[in-house]
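To keep things clear, I will list the structure first and then write my remarks on it.
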Amino acid sequence: MERISLVGVPVDICEPDKLENEVMEILAKPGTKQIIFLSIWDLLKARKRGDFADCVKSADLVLPISKSILRAAAFLKKPVPVRYNPFNAVIQILSVLDSHFKSLYLLGSSKKTLSKVEHNIKDTFPTLKVIGRYVGYFPKAAEADIIQAIFKSQPDLVLISDGIREKNCWAYRRRNQFSSSAFLYYKDAFGIFSERVRRVNEKTFDKGLEFFTEIAHNPFKIVYILRLFLFSLVVLWYKLFKK
């Protein structure tokens, strides 16, 4: 696997047929590991100093999910990474775990949703062991128990969804409190598994137009166009002034 630096942020080039090997290599590493889905909004945020930037730089696998990242790589004459549909990637990763008899911990969402997610995952991946779960939106006082449960059960993967305010940084900031698990955050994972959230149409995603679907659901996200413009300026600046 090749890792490139795109406007100062790491992005991995992982072919879909190589993903299984990469996931298994990550799981074999000691300590806390992390897989990150990177959008252009995340990329811009990762250029700043702070925990999120450190989280992305230290991640074991950084998979781009925005078409603009691929265009930027091509424009800067760098190797072009493979773009992943995040939910499809989650399915592929769970399939890898299932085929190797690995274990899973679910963290996030509501009790009702989480129960349905666990049921659907067990039906879809019969040899994948779901060894624990905890709802999101939990009080601060419950966090120590959650960390202890993950530490003791040592799941191969902790799948994190909505209801975890710190998102990717939740696992990163507590990385020294876990034994040996990989963490993957995808906000809509449990919503889609429970059929509460509709998946983005494949053709829409392939064309890179999923952003307009988000705007249709939340018109206030129109301001993200300004971020897209900012991203374009940053890429152009690197093209003109960075060797």
- [ ] Evaluate the side chain to side chain contact (heavy atoms under 4.5 Å, CB included) criterion for residues N85 and I65: first the C-alpha distance (whole Å), next the side-chain angles of each, then the deciding distance (0.1 Å), finally the verdict.
- [x] CA-CA 6 Å; N85 180 317; I65 62 173; over 6 Å; no
TODO: Name the orientation class of the two ring planes belonging to W237 and F241 (parallel below 30°, tilted from 30 to 60°, perpendicular beyond 60°).
DONE: tilted
TODO: Could you tell me how the ring of Y186 sits relative to the ring of F87: parallel (under 30°), tilted (30 to 60°) or perpendicular (over 60°)?
DONE: tilted
Just by modelled atom types, is the [Y] backbone N or O under 3.5 Å from a matching donor or acceptor in the [X] side chain?
X: S66; Y: I69; answer: no
X: K116; Y: S194; answer: yes
X: D156; Y: K102; answer: no
X: K78; Y: S5; answer: yes
X: S161; Y: F190; answer: yes
X: Q34; Y: N168; answer: yes
X: S115; Y: K112; answer: no
X: K33; Y: G31; answer: yes
X: S181; Y: P155; answer: yes
X: S153; Y: A149; answer: yes

State plainly whether one hydrophobic cluster holds both [X] and [Y], where clusters connect Ile, Leu, Val, Met, Phe, Trp and Tyr through side-chain heavy atoms under 4.5 angstrom apart.
X: L106; Y: L97; answer: yes
X: L61; Y: L38; answer: no
X: I26; Y: I13; answer: no
X: L63; Y: M1; answer: yes
X: F205; Y: L19; answer: no

[X] [atom1] to [Y] [atom2] distance, which is reported to the nearest 0.5 Å:
X: K167; Y: C55; atom1: NZ; atom2: SG; value: 12.5 Å
X: S110; Y: D162; atom1: OG; atom2: CG; value: 7.5 Å
X: I91; Y: D98; atom1: CD1; atom2: CG; value: 11.0 Å
X: R199; Y: F193; atom1: CZ; atom2: CZ; value: 9.0 Å
X: W170; Y: I147; atom1: CH2; atom2: CD1; value: 5.0 Å
X: K239; Y: F75; atom1: NZ; atom2: CZ; value: 5.5 Å

Ion pair present between [X] and [Y], side-chain N to carboxylate O less than 4.0 angstrom?
X: K122; Y: E118; value: yes
X: K18; Y: E15; value: no
X: R47; Y: D42; value: no
X: D12; Y: R3; value: yes
X: E195; Y: R198; value: no

Open item on the list: My understanding is that only residues two or more places apart in sequence, or in another chain, count here; which of them pass ring-ring contact (aromatic ring centres under 6.0 Å, His included) with Y105?
Closed with: none
TODO: For F183, check ring-ring contact (aromatic ring centres under 6.0 Å, His included) against everything at least two apart and list the hits.
DONE: F178
Mind listing the closest non-hydrogen atom pair of [X] and [Y] along with its distance?
X: L70; Y: P81; value: CG-O, 3.4 Å
X: E22; Y: C14; value: CG-SG, 3.7 Å
X: S99; Y: E20; value: OG-OE2, 4.0 Å
X: V135; Y: L107; value: O-CD1, 4.2 Å
X: I164; Y: I160; value: CG1-CG2, 3.4 Å
X: R71; Y: K207; value: NH2-O, 4.4 Å

Open item on the list: Taking atom NZ as the centre, does K67 end up with more than 12 heavy-atom neighbours from other residues, nucleotides or ligands that are less than 6.0 angstrom away?
Closed with: yes
Task: Exceeds 12 heavy-atom contacts within 6.0 angstrom, atom NE2 of H100 - done: yes
- [ ] Please determine which of K45, R173, R174 meets the salt bridge (Lys or Arg N to Asp or Glu O under 4.0 Å) test together with D51.
- [x] R173
Task: Minimum side-chain heavy-atom gap L184-F37 below 4.5 Å - done: yes
